[in-house]
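Below: the structure, in C-alpha cells.
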Number of protein chains: 2
Amino acid sequence: MSLSSILELRHLRTLMALQETGSVSRAAKRVHLTQSALSHQIKSLQEHYGLSIVQRRGQSVELTDAGKHLVTLAEKVLEEIQATERGLAKLSQQTSGSLRIVLECHTCFDWLMPLMDAFRQHWPDVELDLVSGFHSDPVKLLEEGGADVVIGSEYKPRRGIVHHPLFRFEILAVLAPEHPLRAKRILHATDFADVTLITYPVPEDRIDLILHVLKPAGIHPLRRTAELTVAILQLVASRRGVAALPSWGIKNYVDHDYVIARRIGTQGLWSDLYVSTLKETASRPYLRDFLTTARNTCFATLDGIIPLG
Amino acid sequence: MSLSSILELRHLRTLMALQETGSVSRAAKRVHLTQSALSHQIKSLQEHYGLSIVQRRGQSVELTDAGKHLVTLAEKVLEEIQATERGLAKLSQQTSGSLRIVLECHTCFDWLMPLMDAFRQHWPDVELDLVSGFHSDPVKLLEEGGADVVIGSEYKPRRGIVHHPLFRFEILAVLAPEHPLRAKRILHATDFADVTLITYPVPEDRIDLILHVLKPAGIHPLRRTAELTVAILQLVASRRGVAALPSWGIKNYVDHDYVIARRIGTQGLWSDLYVSTLKETASRPYLRDFLTTARNTCFATLDGIIPLG
DNA sequence: AATATTAATGAATCTAATTCATATATATGT
DNA sequence: ACATATATATGAATTAGATTCATTAATATT
C-alpha cells in the first residue's frame with residue numbers, strides 16, 4: 001500500500017469494462033488490451049488498496065464491494081469527462097455540422113433511437129437525420145455527400161473512408177416454441193430447406209444467413225418479408241416461418257418464451273458492425289462523441305456482443 | 001487530434017497545480033515533476049483538443065477558458081476520487097485509530113483548525129486531538145506513544161520516523177506602518193539590535209529569526225511574548241515591537257495596512273514544514289487522507305508557499 | 001545592455017505499462 | 001474420469017510514452 005494514489009483513468013475504464021463484460025478477457029478486448037494487462041492492472045490496484053476488487057467465480061469473475069465502489073466512481077467520473085470534452089468542442093467551435101445516418105442493419109433501430117435522442121440533447125446544433133430507403137452501395141453515399149455515417153457490416157477498405165469497429169454479434173435462428181426444429185440444439189443449412197424464411201425487405205446478398213450459409217449449400221427457401229422486428233417475430237410466433245436475427249434483438253422475446261432461438265452452424269453465425277465515415281468527418285468532435293456514446297450504450301445495453309479490434 | 005481520449009488523472013492534477021501556482025515551474029514542484037514534463041503534458045493536451053489551455057502572460061502563465069473547464073472537472077473528479085478512497089478504507093476496516101497532533105508552529109493553528117473540522121467529518125471514528133503544552137523533543141512523543149503526528153520544522157532523520165514534507169514558506173519581519181525601519185526594503189540582523197522582539201512563548205532555539213539570524217550575529221534583542229497571532233500583531237501595530245511571522249499568516253493584516261512586512265536578509269528567511277509520524281502510522285488510510293487534505297488546503301489557501309521535495 | 005527568470009522544445013533516458021510465454025485453475029465433452 | 005477447451009494469474013521481456021536533460025527562446029529585472 002503506497003502513499004500517493006496510483007489510480008488513473010485507465011483503471012476506471014478497465015473496471016467499467018469488467019463490470020459490463022463480467023470477464024477479464026472480454027473486458028480486455030473492450031479496452032483494446034490483452035487479458036494479461038488487465039490482470040496486472042487489477043493486481044496493482046488490489047495491492048495498493050489492500051483489498052480484493054474482483055472475486056473469481058468459477059470460469060468468470062465478479063466485482064467485490066470494493067470493486068463496485070470503484071465502478072460507481074468510474075461511471076460518474078467518465079461521464080463528467082465526456083461532458084467536459086463536449087464543452088471543449090463547443091469552445092473550439094466545432095459544434096455544428098450534419099450527421100445523416102444510413103442504417104444497413106434494420107434491427108439496429110432498437111438501440112439507435114434512444115442514442116439519437118441523447119445525441120440531440122448534447123449537440124443541438126448538429127443536424128441529425130436518418131437517411132431512409134434502400135441503398136445498394138451505402139458507403140458510396142458518403143463520397144457523394146448524401147450521408148455522413150453508415151452503420152453496416154461491410155468492411156471493405158476504401159480510400160478516404162474510415163470504418164470504426166463497433167461490435168461483433170451472433171445471429172440466431174428464431175423459431176416458434178412448438179416448431180419441429182426445436183429439438184435440435186444447432187441448426188444447419190439443410191434444416192432450412194423446407195421452411196419459409198422471414199426477413200427484412202432487402203436483397204438476398206444483404207442477408208447473412210442466405211449469403212454465408214444457405215447459398216453455399218445450394219438451399220433456397222421461400223422468403224417472406226416484414227419491415228419491423230416485431231412484425232417478423234409475430235410471423236415467427238404464429239408459425240409462418242423462421243427468421244435469423246441478432247441475439248440481442250430477440251432476447252426479450254426469448255426470455256418470455258414468445259419464440260425460441262437456436263445457433264446456426266457449429267461455430268454460430270456471426271456478423272460485425274462498423275460505423276463508416278469519411279476520413280474528414282472522423283475527426284469532428286461530435287462524431288467522436290457519437291462513436292463513444294454508441295459503444296457505451298451498446299455494450300451497456302446489448303447482451304452477448306463482443307468488442308471488435 | 002486523436003480519436004480516443006488521452007486524458008489521465010495526472011493531467012488533471014497538473015492543471016490544478018497550474019491554477020493554484022500560476023506558473024509552470026511552481027506547479028511542477030507541486031506535483032513533483034520537472035517544468036519540462038509539465039510543458040510536454042500541456043502541449044499534448046492542447047494538440048489533442050486542438051485548443052490552447054494556457055496563455056503565456058509575460059513571465060508567467062494563465063489558464064484559458066478551455067483550461068478553466070478542465071480545472072473545474074479536475075476539482076470535481078479528484079474530490080470524488082478522494083471520497084471513494086475513504087470509502088475503500090472503510091471497507092478495509094482501517095478506519096479507526098487516533099490522531100493526536102503536536103503543533104510546533106503556533107501560526108499553523110490558522111489553517112489547522114478548519115482542516116481538523118473537515119477531517120472529523122470524514123473520519124468520525126478517528127480520535128482527533130491536539131496535544132497541548134510545550135515539548136522540548138516533540139518527535140520523542142511519537143516514540144513514547146504520547147502523540148501520533150508532529151507538525152514542525154525539524155527534519156532530523158530518525159529510525160522508525162517518517163517526515164512527510166509539507167511546504168516551504170518565508171518568514172517576514174512585521175512592523176507598524178510608521179515604524180522607522182519601514183524605509184528599508186530588506187532588514188538585516190543589525191536592524192534588530194534596538195527593537196523588542198514579539199514572539200510566541202517558546203524557547204529561543206525554536207525561533208528561526210533568533211536561531212539563524214540574530215544569534216549568529218551576536219544580537220540579543222529584548223523579547224516579549226504573546227500566545228496568539230492576533231495578539232502579536234496588535235502589539236506590533238501599537239508599536240510595542242516587531243515580530244517575525246510566516247508570510248501567509250500576516251497576509252490579511254498587510255493587505256489591510258494594519259502592519260507592514262519586510263524581507264529578512266537578502267535571500268529571505270525561509271522555513272520548512274514537515275508532518276512527522278511513526279513509520280507504522282504513515283500507512284494508515286486516514287493519515288494518508290490527512291496528509292493529502294492538508295497539502296491541498298494549504299496550497300489552495302496559503303499564499304507564497306512552495307512545495308517541498 | 002546585461003543578468004536572471006521562465007517557458008518551450010528536441011533528443012536521450014528511463015519508468016512502468018503492456019505483451020509474451022507459460023503455469024494454474026475451472027469448466028466441458030466424451 | 002480423462003482429455004480438451006477456456007479463463008485467469010504471473011514472471012520475464014519488451015515497448016511505449018512520460019520524464020528528464022540540455023538547450024533555446026522569450027520576458028523581466030537591475
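All values derive from a computational prediction rather than experimental measurement. Letters A, B, ... mirror the listed sequences (proteins, then strands); counts begin at 1.
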Checklist entry - dA17(C) C1' sits how many Å from Lys43(A) NZ, rounded? => result 14 Å
Checklist entry - Which pair of heavy atoms, one from Ser271(A) and one from Ser153(A), lies closest together, and at what distance? => result OG-CB, 3.7 Å
Next on the checklist: Rounding to an integer number of Å, can you tell me how far Arg56(B) CZ sits from dT5(C) P?
Outcome noted: 15 Å
Checklist entry - What integer distance in Å separates His32(A):NE2 from dT19(C):P? => result 12 Å
Item to check | Lys184(A) NZ: over 12 foreign heavy atoms closer than 6.0 Å | outcome: yes
Checklist outcome for this item: Quick note, Ser39(B) side chain, CB onward, closest among dA17(C), dA21(C), dA7(C) is dA7(C)
Next on the checklist: From CD of Glu8(A) over to P of dA17(C), roughly how many Å is that when rounded to an integer?
Outcome noted: 9 Å
Checklist entry - Is there a donor-acceptor pair closer than 3.5 Å between any side-chain N or O of Gln35(A) and the backbone N or O of Val24(A)? => result no
Checklist entry - In terms of heavy-atom contacts, does CZ of Arg168(B) have more than 12 from other residues, nucleotides or ligands at under 6.0 Å? => result no
Checklist entry - Reckon Ser44(A) touches a base, only the sugar-phosphate, or nothing at all at heavy-atom distances under 4.0 Å? => result nothing
Next on the checklist: Reading DNA chain D in the 5' to 3' direction, which nucleotide is the first one with an atom under 4.0 Å from a heavy atom of chain A, and which is the last?
Outcome noted: dT6(D) to dA12(D)
Checklist outcome for this item: Separation of dT6(C) atom P from Leu18(B) atom CG, nearest Å, is 14 Å
Checklist entry - CZ of Arg10(B) versus C1' of dA16(C): gap in Å, rounded? => result 11 Å
Checklist entry - Nearest nucleotide by nearest heavy atom, which residue falls closer to the 5' end of DNA chain C, Gly58(B) or Gln35(A)? => result Gly58(B)
Checklist entry - His40(B) or Thr34(A): which one's nearest nucleotide on DNA chain C is closer to the 5' end? => result His40(B)
Checklist entry - Less than 4.5 Å apart, any side-chain heavy atom of Arg263(A) and any of Arg185(A)? => result no
Item to check | side-chain contact (heavy atoms from CB on, under 4.5 Å) between His40(A) and Ser36(A), worked out | outcome: CA-CA 6 Å; His40(A) 283 294; Ser36(A) 178; 3.5 Å; yes
Checklist entry - Looking at Glu170(B) and Arg262(B), does any basic side-chain N land under 4.0 Å from a carboxylate oxygen? => result no
Checklist entry - Under 4.0 Å between a side-chain N or O of Gln41(A) and OP1 or OP2 of dT18(C)? => result yes
Checklist entry - CZ of Arg13(A) versus P of dT18(C): gap in Å, rounded? => result 11 Å
Item to check | Whole angstrom value for the distance that separates P of dA17(C) from CD1 of Ile6(B) | outcome: 17 Å
